[in-house]
Amino acid sequence: MPRFLRRLFSNQEATHAKKETRSVPCHVAIIMDGNGRWAAQRKLPRTAGHQAGIVALRRTIKHANEMGIGILTVYAFSTENWKRPKPEVDFLLRLPHEFLKSDLGDLHKKNVKVTMIGFMEGLPLHTRNAVSEAVGVTANNTGMVLNFALNYGSRDEIIAAVQSIAQKAVDGEVKPALIDEQTMASHLFTAALPDPDLLIRPSGEIRLSNFLLWQLAYTELWFTDVNWPDFDREHLEEAISAYRNRDRRFGGIKF
Ligand code: FPP
């Protein structure tokens, strides 16, 4: 290799190595997409794709925890998913119970704290009970936060926040002129969480699908063609490595 090229490469490696020492993202959000296509490619029913999605979720939780990620938010059921055929909706809404029945003990042992964002009251009782139990059992845990977005839709979340703030203004508890970002953020489901640092979407779709629209304002986005059931440690590492090499300026400039 010519000397000038070697110098260029070693400079790049040095820069890369320097950036690689940066910490992992605190909050990673994932749109677990591509279960249906994964199943179709194998001539399996869509439900088999969702079952394989649970396996991918289980290993991603393990890897995220090992890598020191602080918060893992996973999009499990959107307010738009109700448009699917009833048998698939019913199946999807049984998954939290199925997953937590088998995994809650292990999650608790690993000090994982389970939380949920979304419209809880719209969910069937068995889903609500499973999630409430997991949230209750792990409430005092201090390790990674595993945050399920269930019956979640960002536009409805923002509307609900605006309605609540407007009511407080009518009641004289909030001055309209003083409503700021913090007021909005504190009325969202994610009030207790920092915004995601990194959003991962598998399956080749490059859109946000009504997920955390307010919270993703300065989040780094990473997309892969791999379907969610095939998502593995190497993909999470690739996403984190790409994240580490991003220049996050939050609208400012580097001095
Ligand atoms: C999107 O893929 C996936 C979902 C709507 C469900 C996600 C659920 C899991 C990954 C299982 C784990 C969930 C819990 C709560 C334990 P899709 O069906 O839209 O795939 P397609 O776009 O290829 O059809």
Side-chain angles (χ1 to χ4, degrees), residues 28-65 71-108 110 112-120 122-135 137-138 144-154 189 199-212 223-232 235-236:
V28 175
I30 305 184
I31 300 177
M32 304 184 289
D33 195 16
N35 295 349
R37 278 162 283 172
W38 181 93
Q41 284 160 8
R42 289 159 180 77
K43 302 198 175 4
L44 294 169
R46 291 179 58 81
T47 48
H50 298 315
Q51 288 288 2
I54 289 200
V55 179
L57 174 62
R58 185 174 290 126
R59 64 174 176 256
T60 302
I61 293 168
K62 179 175 178 285
H63 296 149
N65 200 20
I71 305 159
L72 182 68
T73 293
V74 290
Y75 205 6
F77 190 87
S78 78
T79 45
E80 287 69 37
N81 286 152
W82 293 103
K83 294 177 194 157
R84 297 186 179 203
K86 188 168 181 316
E88 182 168 346
V89 168
D90 290 347
F91 188 88
L92 284 171
L93 292 176
R94 271 200 307 274
L95 294 182
H97 175 70
E98 191 181 316
F99 173 74
L100 291 167
K101 192 172 61 176
S102 58
D103 287 51
L104 181 58
D106 191 46
L107 292 171
H108 189 35
K110 291 192 174 134
V112 171
K113 182 182 168 95
V114 177
T115 59
M116 184 206 140
I117 55 171
F119 296 90
M120 178 78 130
L123 291 167
L125 192 61
H126 61 87
T127 314
R128 289 199 320 243
N129 286 343
V131 175
S132 300
E133 189 202 345
V135 170
V137 165
T138 63
M144 186 176 82
V145 172
L146 171 61
N147 184 34
F148 284 101
L150 271 170
N151 198 21
Y152 176 86
S154 192
F189 289 128
L199 172 82
I200 296 173
R201 181 167 192 158
S203 90
E205 307 293 358
I206 304 182
R207 57 173 168 261
L208 298 180
S209 299
N210 203 17
F211 190 44
L212 302 173
F223 300 94
T224 173
D225 287 340
V226 163
N227 286 320
W228 174 248
D230 287 330
F231 192 89
D232 210 336
H235 307 109
L236 187 58

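One-based numbering, in listed order, for ligands and for the atoms of each. Count residues from 1 along the sequence. All of these numbers come straight from a predicted model, not from anything done at the bench.
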Inset, instruction - Starting from atom 22 (O) of ligand 1, find the nearest protein heavy-atom neighbour and note its residue, name and distance. - result: R37 NH2, 2.9 Å
Legend entry - Nearest heavy-atom neighbours spanning N81 and V89: O-CG2, 3.4 Å
Inset, instruction - May I ask you to check whether G36 has an N/O atom sitting below 3.5 Å from an N/O atom of ligand 1? - result: yes
Inset, instruction - Work out whether the distance between some heavy atom of R46 and some atom of ligand 1 is less than 4.0 Å. - result: yes
Inset, instruction - Return the residue, atom name and 0.1 Å-rounded distance of the protein heavy atom closest to atom 12 (C) of ligand 1. - result: I54 CG1, 3.8 Å
Legend entry - For L92, the ligand 1 atoms whose distance to one of its heavy atoms is below 4.0 Å: 6 (C)
Legend entry - Test: K110 and D106 ion pair at under 4.0 Å: yes
Legend entry - Sub-3.5 Å N/O-N/O distance, E88 and ligand 1: no
Inset, instruction - For L93 and H126, work out which heavy atoms get closest and say how close. - result: O-CE1, 3.4 Å
Inset, instruction - Using a 4.0 Å heavy-atom cut-off, say whether L150 meets ligand 1 through its side chain, its backbone, both or neither. - result: neither
Legend entry - Distance, nearest 0.5 Å, that separates NE2 of H97 from CG of L104: 11.5 Å
Inset, instruction - Could you list the atoms of ligand 1 found under 4.0 angstrom from a heavy atom of H50? - result: 11 (C), 18 (O)
Inset, instruction - Do me a favour and list the nearest non-hydrogen protein atom to atom 19 (O) of ligand 1 with residue, atom name and distance? - result: R84 NH2, 2.7 Å
Inset, instruction - Work out which heavy atom in D230 is nearest to a heavy atom in H235; give both atom names and the distance. - result: O-CE1, 3.3 Å
Legend entry - S203 heavy atom under 4.0 Å from ligand 1: no
Legend entry - Distance from atom 15 (C) of ligand 1 to nearest protein heavy atom, with residue and atom: A76 CB, 3.6 Å
Inset, instruction - Under 4.0 Å, heavy atoms only, figure out whether ligand 1 is touched by the backbone of N81, its side chain, both or neither. - result: side chain
Inset, instruction - For ligand 1, indicate whether the residue W228 contacts it via side chain, backbone, both or neither (heavy-atom separation under 4.0 Å). - result: side chain
Legend entry - Straight-line distance of L199 CG to I31 CD1, nearest 0.5 Å: 5.0 Å
Inset, instruction - For atom 8 (C) of ligand 1, find the nearest protein heavy atom and state the residue, atom name and distance (0.1 Å precision). - result: N35 ND2, 3.8 Å
Inset, instruction - Starting from atom 1 (C) of ligand 1, find the nearest protein heavy-atom neighbour and note its residue, name and distance. - result: M32 O, 3.3 Å
Inset, instruction - Evaluate the side-chain proximity of L107 to F99: yes if any heavy-atom separation is below 4.5 Å, no if none is. - result: yes
Legend entry - Heavy-atom pair of closest approach, residues A76 and L150: CB-CD2, 4.0 Å
Inset, instruction - Anything under 30° is parallel, anything over 60° is perpendicular, the rest tilted; go ahead and classify F211 against Y152. - result: perpendicular
Inset, instruction - State, yes or no, whether a side-chain contact exists between D103 and R58 at a heavy-atom distance under 4.5 Å. - result: yes
Inset, instruction - Would you mind listing which atoms of ligand 1 come within a distance below 4.0 Å of any non-hydrogen atom of F99? - result: 16 (C)
